[in-house]
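We number each residue from 1, following the sequence as shown.
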Amino acid sequence: MKNVIIVGAGGHSKVAQECIQQQGEYKIVGILDNKFSSYEKIGEQFYAPFTDFEQFKNETDYWFIAIGDNKVRAKVAEQLGDVAYATIIHPTAIVSQTASIEPGSIVMPVTVVQPDAIIGRHTIINTGAIIEHDVIIAESAHISPRATITGGVKIGTCVHVGAAAVVNPQVQLGDYSIIGAGAVVTANTEPHQTYVGIPARKLEK
């Protein structure tokens with residue numbers, strides 16, 4: 001079994017840890033988060049501040065960033081640099097043999113990832129989400145629970161798609177755009193903008 005250190009100790013980390021345990025390919029040896037003030041070992045796992053991450057690079061095979069915030073997750077990946085990342089796929093997920101899940105990403109319970117979909121690094125496919133054929137998702141995105149991404153959609157870097165939202169076929173979501181919960185996206189979105197409603201409309205700032 002391969003060792004993994006998890007970065008993050010919040011709510012998303014709880015879910016990620018359970019997925020890792022049920023996947024059965026990795027052993028969690030440590031958790032880093034700046035909420036810990038000093039190093040402590042409990043049983044077979046250690047807990048330490050993330051600021052000390054450099055000293056643990058030789059103690060693990062893989063890393064996993066279990067932080068729900070897209071921008072923070074991307075920043076942590078930049079800080080960690082050239083390390084190997086675990087790819088987490090819950091055993092109840094249905095993932096096509098022709099789909100590509102890149103390192104550092106997590107596919108949570110009862111999700112579906114269809115043929116020729118590409119999931120970029122450090123992306124979260126949350127519980128019950130559906131990723132249809134030929135979807136391309138860039139790195140550090142988050143597809144929330146029960147969201148549906150239909151065929152041929154392209155999703156940019158650090159995009160957040162809210163719970164139960166639907167993105168119609170061939171739509172492109174600009175980098176850092178946010179799709180509100182329950183929205184239905186029928187047209188391309190602009191980068192760094194928020195869209196809500198049915199059909200989804202840009203929120204004016």
Side-chain angles (χ1 to χ4, degrees), residues 8 10-12 15-16 19 65-78 85 87-90 92-205:
H12 178 61
V15 181
C19 286
I65 306 171
I67 297 172
D69 186 292
N70 291 345
K71 292 179 181 179
V72 175
R73 196 165 63 256
K75 182 178 180 181
V76 168
E78 184 177 352
Y85 289 101
T87 301
I88 310 305
I89 301 175
H90 192 273
T92 64
I94 299 172
V95 179
S96 169
Q97 292 184 347
T98 63
S100 173
I101 314 294
E102 296 190 5
S105 290
I106 184 168
V107 180
M108 291 192 179
V110 295
T111 52
V112 178
V113 182
Q114 297 283 28
D116 296 320
I118 298 173
I119 311 299
R121 294 166 66 88
H122 308 298
T123 284
I124 300 168
I125 308 299
N126 219 317
T127 308
I130 297 173
I131 310 301
E132 274 295 342
H133 64 88
D134 301 296
V135 167
I136 299 175
I137 303 177
E139 63 183 27
S140 300
H142 184 174
I143 311 302
S144 294
R146 296 181 54 239
T148 300
I149 312 300
T150 59
V153 168
K154 294 182 179 179
I155 295 179
T157 299
C158 283
V159 168
H160 181 91
V161 178
V166 176
V167 183
N168 280 4
Q170 308 300 323
V171 165
Q172 298 185 30
L173 306 184
D175 294 344
Y176 298 91
S177 59
I178 298 172
I179 309 302
V184 177
V185 185
T186 60
N188 296 350
T189 69
E190 300 173 14
H192 300 276
Q193 301 296 323
T194 299
Y195 293 77
V196 298
I198 302 173
R201 304 291 186 189
K202 182 171 68 173
L203 280 181
E204 298 301 331
K205 296 181 178 180

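Here the closest heavy-atom approach between residue Ile88 and residue Cys19 is recorded as CG2-CB, 3.8 Å. Closest approach of Ser177 to Thr189, counting heavy atoms only: OG-OG1, 3.3 Å. A pairwise comparison of heavy atoms in Arg73 and Gly68 identifies NH1-O, 3.1 Å as the closest pair. Contact between Ala93 and Thr111 at its shortest, heavy atoms only, is CB-OG1, 3.3 Å. Pairing each heavy atom of Pro103 with each of Thr87, the nearest pair is CA-OG1, 3.2 Å.
Of the inter-residue distances, the one linking Ile89 atom CD1 with Ile125 atom CD1 reads 10.5 Å to the nearest 0.5 angstrom. A distance of 12.0 Å separates CD1 in Ile118 from OG in Ser105, rounded to the nearest 0.5 Å. For the atom pair CG (Asn70) and NZ (Lys75), the distance works out to 15.0 Å, reported to the nearest 0.5 Å. Note that CD1 of Ile178 is 12.0 Å distant from CG of Leu173, once rounded to the nearest 0.5 Å. Taking CD1 from Ile67 and NE2 from His122, the interatomic distance works out to 11.0 Å, rounded to the nearest 0.5 Å. Ser100 OG to Ile119 CD1: the interatomic distance, rounded to the nearest 0.5 Å, is 8.0 Å.
Using a 4.5 Å heavy-atom cutoff, the side chains of Glu102 and Tyr85 are not in contact. Residues Ile94 and Val113 form no side-chain contact, since every pair of their non-hydrogen atoms from C-beta on lies 4.5 Å or further apart. Side-chain contact between His12 and Ile124 is present, with at least one heavy-atom pair separated by less than 4.5 Å. With contacts defined as side-chain heavy-atom distances shorter than 4.5 Å, the pair Met108/Val15 qualifies. For the pair Pro191/Tyr176, no side-chain contact is recorded, criterion being any heavy-atom separation below 4.5 Å from C-beta on.
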Which pairs would a plain distance check flag for residues 126-144, meaning a side-chain donor or acceptor within less than 3.5 Å of a matching protein atom at least two apart in sequence or in another chain?
| unit_1 | atom_1 | unit_2 | atom_2 | d |
| --- | --- | --- | --- | --- |
| Asn126 | ND2 | His142 | NE2 | 3.0 |
| Ser144 | OG | His160 | NE2 | 3.3 |
| Ser144 | OG | Val161 | O | 2.8 |

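For residues 181-190, the pairs satisfying salt bridge (charged side-chain N to carboxylate O under 4.0 Å, His left out) are Glu190-Lys202, with sequence neighbours left out. Applying the side-chain hydrogen bond (donor to acceptor under 3.5 Å, both in side chains) rule to pairs touching residues 165-175 yields nothing, sequence neighbours excluded.
For Arg146, the CZ atom counts as loosely surrounded, since its 6.0 Å shell holds 12 or fewer non-hydrogen atoms of other residues, nucleotides or ligands.
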